[in-house]
Amino acid sequence: HYERALFLIPIPFVIGHDAEKIAGRLFKGITNTEVALLDGTIVNLKIGIGVVSSARITPTSEMETFIEKASEALSRIKRNGGNHMETVFS
């Protein structure tokens, strides 16, 4: 849990399309989940996922830069109605 409703899932040694595949499975699993409330109401879950992938991460790479890029992707997702994922390659 990073802040408010923002969660970070660092996946070391995974880049590019493999990171997209993992995020896609996570997205599909969450958005295909129905939650039944005590009164019987069914709630469909929604999520925005910002994936940031870098071909090269070094010991001097600033994690805050990656977090900012993911946050920017989430802002775009929210402006466009939410409930999808976006990948940023840096």
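Model, not experiment: these values are computed from the prediction.
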Assess the residue pair I42 and V35 against the criterion (side-chain contact (heavy atoms from CB on, under 4.5 Å)); give the C-alpha distance rounded to whole Å, side-chain angles, the decisive distance to 0.1 Å, and a yes or no. CA-CA 6 Å; I42 301 295; V35 176; over 6 Å; no
Once you round to the nearest 0.5 Å, how far does CG of L8 lie from CE of M63? 8.5 Å
Separation of S71 OG from E64 CD (nearest 0.5 Å): 10.0 Å
Within the structure provided, determine whether T31 and L45 are in side-chain contact (heavy-atom separation under 4.5 Å). no
On a heavy-atom basis, the closest approach of I77 and N83 is CG2-N, 4.1 Å
Closest heavy-atom pair, A23 versus V51, reported as atoms and distance to 0.1 Å, is CB-CG2, 3.4 Å
Might you point out which heavy atoms bring A73 and V88 nearest each other, and give the distance in Å? CB-CG2, 4.1 Å
Group every Ile, Leu, Val, Met, Phe, Trp and Tyr by side-chain heavy-atom contacts under 4.5 Å, then state whether I9 and V14 land in the same group. yes
Enter the distance from H17:NE2 to E20:CD here, rounded to the nearest 0.5 Å. 6.0 Å
From F13 atom CZ to D18 atom CG, the distance as rounded to the nearest 0.5 Å: 14.0 Å
CD1 (I47) and CG (L26) are apart, to the nearest 0.5 Å, by 5.5 Å
For the NE2 atom on H84, are there more than 12 heavy atoms of other groups (residues, nucleotides or ligands in this structure) within a distance under 6.0 Å? yes
Assigning hydrophobic clusters by single linkage (Ile, Leu, Val, Met, Phe, Trp, Tyr; side-chain heavy-atom cutoff under 4.5 Å), is I49 placed with F7? no
Over all atoms of both residues, closest heavy-atom pair of G16 and S53: N-OG, 2.6 Å
